[in-house]
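Bear in mind that the values here come from a model prediction, so they are computed numbers and not experimental data.
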Amino acid sequence: GERKDRRATPTDGGLMSNIYVKISISIGGLIIAFLLYGFYQEKIMRTEYEDPETKEKEFFTYSAWLVLNNRVFSILVSIVILLIQRESLAPVAPLSHYFGISFSNVAATYCQYEALRFVSFPTQTIGKCGKMIPVMIIGTLLSGKKYGFKDYIQAFIISSGCVLFFIMGDNVSSKKSSADTPTGVLLMVCYLFTDGFTSTLQERLFKGYKMSTYNQMLYVNMFSALTSILILVVTGDFIDSFTFSWNHPQLQYDAFLLSLTAFVGSAVIYFTIK
């Protein structure tokens with residue numbers, strides 16, 4: 001009989017194999033997760049929490065504790081998912097490979113939280129709009145990726161469009177003038193580049209080793225938790241941060257929701273990269 005030449009299409013293999021469905025899930029998941037993440041992030045760093053007993057109000061200032069809280073939550077959920085899926089809990093790659101991602105991730109998250117003490121949330125959002133350019137630069141330096149002039153133009157246009165969108169808001173200018181400092185801007189620059197390292201290293205690890213999303217999340221978050229504990233100990237904030245959390249139940253609730261949205265956002269990012 002006549003043999004028909006049938007080429008694979010993006011829709012072959014069912015609904016979840018459709019590349020357009022995957023892209024839609026990634027975009028929708030990222031938008032929802034990080035809108036909520038941004039809300040709770042700003043709430044925690046800018047709210048005066050009341051002690052139920054003394055009625056005194058205090059600002060939360062322990063960014064490394066928040067990073068630790070997020071990472072412990074992610075570790076527990078990753079273990080549960082790996083066990084449900086009957087996957088091995090053993091590391092797939094050498095532990096040093098996970099540590100590189102972990103270190104840049106902790107640095108990025110820490111700078112992001114600390115920046116909210118010195119800049120307004122709209123300013124931080126504007127800063128994040130420029131994330132594409134550092135990622136492209138680091139990808140070129142570390143992974144030897146090649147981007148054309150067209151790619152850089154597209155990144156510039158997207159970043160500029162986001163900046164203009166937020167600048168045109170009625171309430172941004174007043175917030176910027178009262179809340180932004182050079183320290184906050186410097187922290188945002190550090191965040192952009194350390195976060196650029198994180199995504200590039202994650203992609204390299206997925207390409208170099210056959211591993212599941214949650215296996216990488218488990219070991220990256222384990223090292224991140226250890227790094228956060230070290231920061232808290234070195235800065236002398238270990239006991240004070242846990243005491244503050246214990247004395248302010250509302251913070252515990254907000255931190256849980258922050259960790260939940262951070263985990264969902266991270267899972268979507270890993271899904272997108274892989």
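- The two atoms that bring Ala115 and Gly184 nearest to each other are CB-O, 4.1 Å, heavy atoms only.
- Residue Asn105 holds its CG atom at 9.5 Å from CG of Asn70, rounded to the nearest 0.5 Å.
- Residues Tyr110 and Phe99 do not share a hydrophobic cluster, clusters being chains of Ile/Leu/Val/Met/Phe/Trp/Tyr side chains in contact below 4.5 Å.
- Evaluation of the ring-ring contact (aromatic ring centres under 6.0 Å, His included) rule for Phe238 yields Phe242 as partners, not counting sequence neighbours.
- With hydrogens and angles left out, the side-chain atoms of Glu50 and Gln250 include no donor and acceptor closer than 3.5 Å.
- Following chains of ILVMFWY side-chain contacts shorter than 4.5 Å, one can reach Tyr253 starting from Leu251, so the two form part of one hydrophobic cluster.
- Nearest heavy-atom pair, Ala108 versus Tyr191, reported as atom, atom and distance to 0.1 Å: O-CD1, 3.2 Å.
- Here Tyr113 contributes atom OH and Leu187 contributes atom CG; the two are 14.5 Å apart, rounded to the nearest 0.5 Å.
- Using a distance-only test at 3.5 Å, with no hydrogens or angles considered, a donor-acceptor pair links the side chain of Asn221 to the main chain of Met217.
- Annotation: the span from Ile75 atom CD1 to Leu218 atom CG amounts to 7.0 Å, rounded to 0.5 Å.
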CA sep, side-chain torsions, deciding dist, call: Phe263, Ser78, side-chain contact (heavy atoms from CB on, under 4.5 Å): CA-CA 9 Å; Phe263 175 83; Ser78 296; 3.9 Å; yes
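- Once rounded to the nearest 0.5 Å, the distance linking NE2 of His97 with CD of Gln202 reads 14.5 Å.
- The two residues Val264 and Ala33 come nearest to each other via the heavy atoms CG1-CB, 4.0 Å.
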Derivation of the ring-ring contact (aromatic ring centres under 6.0 Å, His included) call for Phe73 and Phe256: CA-CA 8 Å; Phe73 181 90; Phe256 169 77; 5.6 Å; yes
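- Side-chain contact, Tyr98 with Asn215: a donor N or O sits under 3.5 Å from an acceptor N or O.
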Please tabulate, for side-chain N and O atoms in residues 54-67, each donor-acceptor pair with protein atoms closer than 3.5 Å (sequence neighbours left out).
unit_1, atom_1, unit_2, atom_2, d
Thr54, OG1, Glu56, N, 3.3
Lys55, NZ, Pro52, O, 3.3
Ser63, OG, Glu114, OE2, 2.5

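- Both Leu232 and Ile229 are part of a single hydrophobic cluster, where members link through side-chain heavy atoms under 4.5 Å apart.
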Please tabulate, one pair per line, all N/O donor-acceptor pairs under 3.5 Å involving side-chain atoms of residues 79-96, not counting sequence neighbours.
unit_1, atom_1, unit_2, atom_2, d
Glu87, OE1, Ser212, OG, 2.7
Ser88, OG, Ala90, N, 3.0

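- Applying the salt bridge (Lys or Arg N to Asp or Glu O under 4.0 Å) test to Asp195 and every residue at least two apart in sequence or in another chain returns Lys131.
- Within the hydrophobic cluster formed by Ile, Leu, Val, Met, Phe, Trp and Tyr side chains joined at under 4.5 Å, directly or through other members, Ile32 is accompanied by Leu36.
- Taking CG from Leu68 and OG from Ser241, the interatomic distance works out to 8.0 Å, rounded to the nearest 0.5 Å.
- A donor atom on one side chain and an acceptor atom on the other are not found under 3.5 Å apart for Ser259 and Arg71.
- Leu257 contributes atom CG, which lies 8.5 Å from atom CD1 of Ile44 (distance to the nearest 0.5 angstrom).
- Side chains of Tyr49 and Asn247: a donor-acceptor N/O pair is absent below 3.5 angstrom, by distance only.
- Linking Ile, Leu, Val, Met, Phe, Trp and Tyr residues whenever their side-chain heavy atoms come within less than 4.5 Å places Leu260 and Val220 in a single cluster.
- Few gaps surround CD1 on Ile153; more than 12 heavy atoms of other groups in view lie less than 6.0 Å from it.
- In this model, no donor atom of one side chain and acceptor atom of the other lie less than 3.5 Å apart for Thr194 and Ser104.
- Formation of a donor-acceptor pair under 3.5 Å by the Arg46 side chain with backbone atoms of Leu116 is found in this model.
- Qualifying salt bridge (Lys or Arg N to Asp or Glu O under 4.0 Å) partners for Lys207, counting only residues two or more places apart in sequence or in other chains: Glu203.
- Under the 4.5 Å side-chain heavy-atom criterion for ILVMFWY residues, a single connected hydrophobic cluster contains both Ile101 and Phe223.
- Without hydrogens or angle criteria, Ser245 side chain to Gln252 main chain gives no donor-acceptor distance under 3.5 Å.
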